[in-house]
There are 2 protein chains.
Amino acid sequence: MHPRRLGILRYLALRARTEGPPPSVREIGLEVGLRSSQTVHHHLLRLEEEGYVDHVGRGARTLRLTGKGWEAAGNMALLGRIAAGRGLEAVAFGDEAYSLAAELLSGRSGRRSYLLRVVGQSMVGARIEDGDLLVVEEDEAPADGAVVVALLGGGDEVTVKRLYREGEMVRLRPENGEHEEILVPAEEVRIQGRVLYVVHPPRRSPSGDGS
Amino acid sequence: MHPRRLGILRYLALRARTEGPPPSVREIGLEVGLRSSQTVHHHLLRLEEEGYVDHVGRGARTLRLTGKGWEAAGNMALLGRIAAGRGLEAVAFGDEAYSLAAELLSGRSGRRSYLLRVVGQSMVGARIEDGDLLVVEEDEAPADGAVVVALLGGGDEVTVKRLYREGEMVRLRPENGEHEEILVPAEEVRIQGRVLYVVHPPRRSPSGDGS
DNA sequence: AACCGTACCAAACATTTGTTTGACGCAGGC
DNA sequence: GCCTGCGTCAAACAAATGTTTGGTACGGTT
């Protein structure tokens with residue numbers, strides 16, 4: 001991905017998560033450092049050809065990120081499915097999830113946020129279960145005891161745990177008796193964000209259906 | 001509230017819940033039946049003076065509903081707090097709730113939806129607990145087994161239960177062993193909507209905090 | 001009756017905004 | 001060397017959009 005275009009996508013994502021209209025062409029230029037509206041226009045055309053952006057109607061500020069665009073922008077980053085146990089699974093999302101996130105976040109501190117889908121049962125004690133959506137706000141220094149998204153092993157591994165700092169060490173505690181705590185040096189873990197909300201449908205009926 | 005202005009507010013709310021930018025002055029006029037952009041402008045000025053709308057930045061399509069505006073628009077309808085046991089409590093909302101609802105609903109079937117805050121523990125079995133937010137989609141005929149919002153006693157009483165139809169009767173089943181089923185004639189209950197999502201923060205840590 | 005405020009319209013105006021035109025420099029391939 | 005594609009700029013154009021101006025009609029007040 002062209003770095004300029006990536007910058008544009010990121011800015012579009014930022015604006016989409018912020019209250020207010022999508023940016024104008026010149027606003028984009030101002031943001032990403034392009035002095036000619038034409039240049040922005042040029043990149044926008046490419047991005048539209050390649051399916052990263054969209055137009056909803058005609059007129060001013062009708063630009064919109066597509067699903068592909070959100071993905072490429074990265075900072076919306078349904079990073080992937082969080083494995084309570086191990087590993088990062090295939091990224092999976094839908095437009096509904098995006099728009100859900102977009103508004104859950106609007107009006108917030110300006111911090112970036114995103115959605116994750118949970119895989120695993122290690123946090124059932126915090127009402128987080130397999131398949132739930134998490135609304136995560138980026139925050140590298142949340143309070144002790146917060147439920148956080150942590151990156152381990154240089155980013156290869158993502159997990160949701162409750163955070164406790166202990167000097168040079170970081171304790172990541174699951175909330176499920178069957179899972180074990182992780183205790184690692186602070187350098188080896190990067191706190192990515194804090195879980196703001198858990199979103200899920202009501203539990204399926206014991207017998208019947210309803211969904 | 002001036003009916004014209006109410007119409008404008010409603011349209012603004014509609015657009016805010018829809019993907020795409022806020023409407024232009026002329027688009028508003030088209031919608032509410034005003035042929036002069038000036039007239040729309042006029043009402044917009046009044047609405048801004050009275051604190052129903054807002055401007056975020058300068059330029060095109062920077063109009064925004066304020067909390068007061070959302071409330072006046074009315075179609076967002078945080079009807080009230082649902083008492084799992086009895087009674088409808090005071091309506092309570094905040095900007096967060098509004099914006100949350102706005103996006104959770106966007107892109108949906110066109111049915112109206114709203115948020116409710118749960119009071120009571122009668123549905124813990126369906127992962128619905130006291131204080132949770134419910135995203136409810138209006139639906140008078142949901143499938144058997146769905147978790148629904150039901151109005152009893154001519155609307156005086158609101159409750160969340162799982163729905164089962166039995167001939168002329170309707171069974172509303174709580175999911176908490178300590179609560180009793182409600183079995184009433186179909187005429188005495190009005191199904192208001194179906195619970196799509198449950199939204200809540202992660203459960204507070206057993207010991208510490210983090211929120 | 002004269003006056004005032006409100007709601008509305010048509011038309012014009014100024015600004016913003018999307019888009020087009022024309023040009024420059026650079027890298028890579030033929 | 002020469003051509004092509006790309007990224008960039010400046011400038012202009014055309015469409016849209018927010019805003020202003022001037023005017024009409026109506027109802028209530030003084």
Partners passing salt bridge (Lys or Arg N to Asp or Glu O under 4.0 Å) against [X] (at least two apart in sequence or in another chain):
X: B:E31; answer: none
X: A:R127; answer: B:E129, B:D132
X: A:E49; answer: A:R46
X: A:E181; answer: A:R171, A:R173

Applying side chain to side chain contact (heavy atoms under 4.5 Å, CB included), name anything that partners [X], two or more places apart in sequence or on another chain.
X: B:P3; answer: none
X: A:R190; answer: A:E140, A:L151, A:Q192
X: A:L30; answer: none
X: A:P23; answer: A:Y11, A:L12, A:R15, A:E27, A:I28

Identify, with sequence neighbours excluded, every residue that meets ring pair (Phe, Tyr, Trp, His ring centres under 6.0 Å) alongside B:H2.
B:H43

Which is the 5'-most and which the 3'-most nucleotide of DNA chain D that has an atom under 4.0 Å from a heavy atom of chain A?
D:dG7 to D:dT17

Bounds of contact between DNA chain C and chain B, in 5' to 3' order, using a heavy-atom cut-off under 4.0 Å
C:dA7 to C:dT17

Taking B:R162 for the side chain and B:G145 for the main chain, is one N or O donor matched with an acceptor at less than 3.5 Å?
yes

Let me know, please, whether B:H2 or A:T62 comes out on the 5' side of the other along DNA chain C by nearest nucleotide.
B:H2

When the nearest nucleotide of DNA chain C is assigned to B:R5 and to B:A60 on a heavy-atom basis, which residue is associated with the more 5' position?
B:R5

What residues in residues 24-40 of chain B put a non-hydrogen atom under 4.0 Å from any atom of DNA chain C?
B:R26, B:L34, B:R35, B:S36, B:Q38, B:T39

For B:R4, answer base if it contacts any base atom (sugar-phosphate contacts may also be present), sugar-phosphate if it contacts only those atoms, and nothing otherwise; contact means non-hydrogen atoms under 4.0 Å.
sugar-phosphate

